[in-house]
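Working notes, structure below.
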Amino acid sequence: MPSIPATPSTPPVPPPAPSSTPADPASVVESFYAAINAHDYQRAWDLGGSYLGRPYADFAGGFADTAADVISIDNVNGNMVDVHLHAVHTDGSTADYAGWYLVESGTIRHGSLHLVATSEATRTPVPTVPSGATGAINPAVTQSTIHSTICVPGWTETIRPPVNVTERLKRQQLASSSAADKDPSHYEEDHIVPLELGGAPSDPANLRPVPLSQARMDDRLENSLHRAVCDGTMTLTAAQSKIEQAKATEAQS
């Protein structure tokens with residue numbers, strides 16, 4: 001049946017405003033940890049921290065020594081979300097947890113995590129690069145342009161530097177670094193501020209060789225921060241600061 005146009009006396013009904021609360025259970029859990037990584041403990045509290053059995057002060061204070069929390073969704077069965085959590089502490093040590101969360105109406109209502117592994121600050125260190133790479137920003141990406149740049153699917157591939165360029169830089173940096181293992185195949189040339197968070201594509205100050213296992217772990221945190229920026233729960237500058245802090249902690253461990 002054809003639609004009936006509104007009469008002049010009946011103004012069109014505006015579409016509902018998008019909800020700032022994610023709908024599906026996995027996204028709720030991811031947003032919960034994105035808020036924690038952004039130090040937005042009030043939002044994390046509203047997303048379910050209030051149901052996890054501690055007063056707000058204890059809940060927020062429990063993250064004082066956390067540099068980054070990397071959440072991995074293992075399985076979703078209805079409202080139950082099975083997860084693994086990799087926590088990186090400010091001293092470089094780590095802790096891994098497995099468990100689950102129950103999500104109802106966009107809020108975590110119950111959860112259980114148990115410790116499965118810990119490590120001291122003895123991970124393979126990120127090689128020290130003579131250039132002193134500390135991160136560099138792409139000036140085309142600002143808070144006002146995120147929805148025409150980094151939040152557009154596939155946009156980062158349009159600015160990613162060619163592999164031959166990053167491979168050459170990786171070999172040069174490894175050759176002049178303090179790393180005992182200088183095999184390029186054991187490393188990924190990593191953007192300190194990733195492209196999806198507005199990092200400079202080809203500036204050597206934003207690139208460094210990182211052990212492959214650490215690069216995979218970094219990817220999870222970067223994806224979480226990117227999601228938070230694009231859904232409006234974290235500012236671009238806050239996400240950039242968070243990823244630089246996390247990677248600086250890696251380099252010191």
Side-chain angles (χ1 to χ4, degrees), residues 27 30-31 33-40 66-73 86-88 94 123-127 129 131-170 173-174 184 186-253:
S27 293
E30 290 172 336
S31 293
Y33 279 99
I36 290 170
N37 282 323
H39 304 297
D40 188 352
T66 301
D69 276 332
V70 181
I71 193 72
S72 300
I73 306 299
H86 179 74
V88 181
T94 67
R123 300 190 312 274
T124 303
V126 175
V129 179
S131 63
T134 56
I137 303 302
N138 181 351
V141 181
T142 65
Q143 187 65 46
S144 64
T145 66
I146 59 173
H147 291 295
S148 61
T149 54
I150 61 171
C151 297
V152 176
W155 182 82
T156 58
E157 296 309 310
T158 68
I159 63 167
R160 191 174 299 280
V163 172
N164 66 312
V165 172
T166 55
E167 280 296 306
R168 182 170 62 249
L169 180 60
K170 176 172 68 174
Q173 290 175 330
L174 281 171
H186 295 169
Y187 297 86
E188 177 180 303
E189 189 69 0
D190 177 58
H191 286 94
I192 298 174
V193 180
L195 301 184
E196 61 264 44
L197 291 177
S202 303
D203 190 335
N206 196 42
L207 286 156
R208 61 174 184 172
V210 175
L212 294 177
S213 60
Q214 186 61 51
R216 299 289 83 77
M217 195 63 66
D218 288 344
D219 286 345
R220 296 176 188 173
L221 178 59
E222 292 165 6
N223 291 339
S224 174
L225 294 174
H226 175 260
R227 187 181 303 109
V229 169
C230 292
D231 70 16
T233 58
M234 186 186 302
T235 65
L236 177 64
T237 54
Q240 290 170 342
S241 176
K242 185 67 181 179
I243 198 65
E244 287 181 304
Q245 176 190 1
K247 291 186 178 183
T249 299
E250 291 170 14
Q252 293 166 5
S253 35

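Only a predicted model underlies this, so the values are computations on that prediction, with no experimental measurement involved.
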When you measure from the side chain of T149 to the backbone of T145, do you find a donor-acceptor pair of N or O atoms at a distance under 3.5 Å?
yes

Looking only at heavy atoms, which two atoms of I150 and G198 are closest? And how far apart?
CG2-N, 4.0 Å

Tell me every residue that passes side-chain contact (heavy atoms from CB on, under 4.5 Å) with N223, counting only those two or more places apart in sequence or in another chain.
E196

S224 side chain to R220 backbone, donor-acceptor under 3.5 Å:
no

Nearest heavy-atom contact between A239 and V229 is CB-CG2, 3.5 Å

Using a 3.5 Å distance criterion without hydrogens, assess whether the side chain of S202 forms a donor-acceptor pair with backbone atoms of P161.
no

Just by modelled atom types, is the L225 backbone N or O under 3.5 Å from a matching donor or acceptor in the K242 side chain?
no

Contact check, side chains of D40 and T233, non-hydrogen atoms, under 4.5 Å:
no

List the residues meeting side-chain contact (heavy atoms from CB on, under 4.5 Å) with A140, not counting sequence neighbours, and say none if there are none.
N138

Please find the pair of heavy atoms, one from I243 and one from Q240, that lie closest to each other, and give the distance.
CG2-O, 3.3 Å

Show the nearest heavy-atom pair for residues P153 and C151, with the distance to one decimal.
CD-O, 3.5 Å

Find the distance between CG (L221) and CG (D69) and round it off to the nearest 0.5 Å.
9.0 Å

Are the side chain of T235 and the backbone N or O of A238 linked by a donor-acceptor pair below 3.5 Å?
yes

What distance separates Q143 CD from T237 OG1, expressed to the nearest 0.5 Å?
7.0 Å

Please enumerate all residues that pass side-chain contact (heavy atoms from CB on, under 4.5 Å) together with L169, with sequence neighbours excluded.
Q172, Q173, E189, P204, L207

N206 (side chain) donor-acceptor with V193 (main chain) under 3.5 angstrom
yes

Before giving the answer on salt bridge (Lys or Arg N to Asp or Glu O under 4.0 Å), spell out for R227 and E222 the whole-Å C-alpha distance, their side-chain angles and the decisive distance to 0.1 Å.
CA-CA 9 Å; R227 187 181 303 109; E222 292 165 6; over 6 Å; no

Check whether any side-chain heavy atom of L212 sits under 4.5 Å from a side-chain heavy atom of Q214, and report yes or no.
no

Backbone N/O of H191 and side chain of K247: donor-acceptor pair under 3.5 Å:
yes

Please confirm whether the backbone N or O of Y187 pairs with a side-chain atom of K170, one donor and one acceptor, at under 3.5 Å?
yes

Go through L236 and V141 one step at a time and tell me if the side-chain contact (heavy atoms from CB on, under 4.5 Å) criterion holds.
CA-CA 9 Å; L236 177 64; V141 181; 3.9 Å; yes

